There are 2 protein chains.
Amino acid sequence: MNISHAAKASGLPAKTIRYYEDIALVKPGRNANGYRDFSEVDIHNLTFLARARALGFSIEDCRALLALYTDTSRASAEVKRIAQDHLTEIETKIADLTAMRDTLSHLVRTCHGDDRPDCPILTGLGGAQHGSDRIQK
Amino acid sequence: MNISHAAKASGLPAKTIRYYEDIALVKPGRNANGYRDFSEVDIHNLTFLARARALGFSIEDCRALLALYTDTSRASAEVKRIAQDHLTEIETKIADLTAMRDTLSHLVRTCHGDDRPDCPILTGLGGAQHGSDRIQK
DNA sequence: ATAAGGTTTCCAGTAACTGGAAGGTCAACC
DNA sequence: GGTTGACCTTCCAGTTACTGGAAACCTTAT
């Protein structure tokens, strides 16, 4: 299976697959002509990686998860720990973004957005801090 | 005002302030000894930048906002457009992360997390797609 | 023979810093 | 005057996870 086929099967761009080989996440074989040759297992691993990345796991987390995935004697505790840590990270990000959104949407709502120079958004960013206009660090 | 003072006043690390000078976001003066010398306006702009960055605006957005900020004849419409675009981005990110969180927290909940090798998280990532275990791209 | 469409490697760039090295400066203390 | 310690300077490299592009090779069809 050549790389474009592997790309289609896994949903990852060919460039990304080459990169994953570079950093030793996958180790496809090679044909006589030098082209990469992906086995079913390679495709399966790439699909695994695509899913884990879609869930926001870092490459290093993916490397660990993939190692655990192929080790049938692993304990699920280790996997759960990685996933739980990542879940906590995601929840922190959601909280941060939600706070940003609340502040920003308030600023946007109060800005008339016409051709007048007066702008509560810039005033808010510029340091006029009072009441709900305050921007948290 | 030297850089460590500016850092304290703006809440930005000194390294970041030097970087902002590098990319021409601020242009502090220099003392005879070569040390940077920050004016009140510089500090004010740094504080503006710190706030805008805390709201997740990109550096290039910050550059545009800062230019609009110092241009008292600007139209608020342009500012509102940048802010609204950014707000939309943030909302997209929140939605993406929320979807990740939902999938991942489901997987984490179903994993017993002990020393047994059986693990629904890995099974979910590995391609067993049925019902609510399916992972969205 | 050549053209189109694969594939290969390698190099550079992205965003926004951050760490570290090597060296200059300043204020205080002995 | 010398030395220590805390500043400051510049510059270079590394981070994350790719992505774009160039130059060149392979395959298949016309």
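Within every chain, numbering begins at 1; the chains are lettered A, B, ... in the order of the sequence lines, protein sequences first and strands thereafter. The structure displayed is predicted, hence computed values, not measured ones. Excluded from the calculations below are hydrogen atoms, water molecules and symmetry mates; all remaining heavy atoms, backbone and side chain alike, are included.
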Peer 1: Which atoms form the tightest heavy-atom contact between B/Leu25 and B/Leu66, and what is the distance?
Peer 2: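 Of all heavy-atom pairs spanning B/Leu25 and B/Leu66, the closest is O-CD2, 3.6 Å.
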
Peer 1: Would A/Tyr20 and A/Leu46 satisfy side-chain contact (heavy atoms from CB on, under 4.5 Å), going step by step from the backbone distance to the final call?
Peer 2: CA-CA 9 Å; A/Tyr20 284 177; A/Leu46 285 171; 4.3 Å; yes

Peer 1: I need the B/Leu125 CG to B/Leu122 CG distance, nearest 0.5 Å.
Peer 2: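 The CG atom of B/Leu125 sits 6.5 Å away from the CG atom of B/Leu122.
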
Peer 1: Atom NZ of B/Lys8 to atom P of D/dA6: distance rounded to whole Å?
Peer 2: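 The distance from NZ of B/Lys8 to P of D/dA6 comes to 13 Å, rounded to the nearest Å.
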
Peer 1: Would you please say whether a donor-acceptor pair under 3.5 Å links the side chains of B/Asp42 and B/Ser39?
Peer 2: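 There is such a pair between these side chains.
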
Peer 1: Nearest 0.5 Å please: distance from the OG1 atom of A/Thr103 over to the CZ atom of B/Arg51.
Peer 2: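 The CZ atom of B/Arg51 is 11.5 Å from OG1 of A/Thr103, to the nearest 0.5 Å.
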
Peer 1: Over all heavy atoms of both residues, which pair between B/Ile121 and A/Ala83 is shortest? Give the atoms and the distance, please.
Peer 2: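 It is CD1-CB, 3.7 Å.
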
Peer 1: So which heavy atom on A/Arg18 is nearest to which on A/Ile3, and how close?
Peer 2: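 A/Arg18 and A/Ile3 have their closest heavy atoms at CG-CD1, 3.5 Å.
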
Peer 1: Is the B/His86 ring parallel, tilted or perpendicular to the B/Phe57 ring (thresholds 30°, 60°)?
Peer 2: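 The arrangement is tilted - the two ring planes meet at 30° to 60°.
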
Peer 1: Measure all distances between protein nitrogen or oxygen atoms and nitrogen or oxygen atoms of nucleotides 16-19 of chain D, and list the pairs falling under 3.5 Å.
Peer 2:
| residue | atom | partner | partner atom | Å |
| --- | --- | --- | --- | --- |
| D/dA17 | OP1 | A/Ile59 | N | 3.4 |
| D/dA17 | O3' | A/Arg53 | NH2 | 3.4 |
| D/dC18 | OP2 | A/Tyr20 | OH | 2.7 |
| D/dC18 | OP2 | A/Arg53 | NE | 2.8 |
| D/dC18 | OP2 | A/Arg53 | NH2 | 3.3 |
| D/dT19 | OP2 | A/Thr16 | OG1 | 3.0 |

Peer 1: What heavy-atom pair brings A/Val26 and A/Ile17 nearest, and what distance separates the two atoms?
Peer 2: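 Nearest heavy atoms, A/Val26 then A/Ile17: CG2-O, 4.3 Å.
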
Peer 1: Taking only heavy atoms on the protein side, list every residue of residues 21-43 of chain A lying under 4.0 Å from any atom of DNA chain D, sorted numerically.
Peer 2: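 Going residue by residue through residues 21-43 of chain A, the ones with a heavy atom under 4.0 Å of DNA chain D turn out to be A/Asn33, A/Tyr35.
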
Peer 1: Which pair of heavy atoms, one from B/Arg36 and one from B/Asn31, lies closest together, and at what distance?
Peer 2: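 What the structure gives for the nearest pair is O-ND2, 4.3 Å.
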
Peer 1: Please find the earliest and latest nucleotides of DNA chain C, in the 5' to 3' direction, that have an atom within less than 4.0 Å of any heavy atom of chain B.
Peer 2: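 In short, chain B contacts DNA chain C from C/dA16 to C/dC26.
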
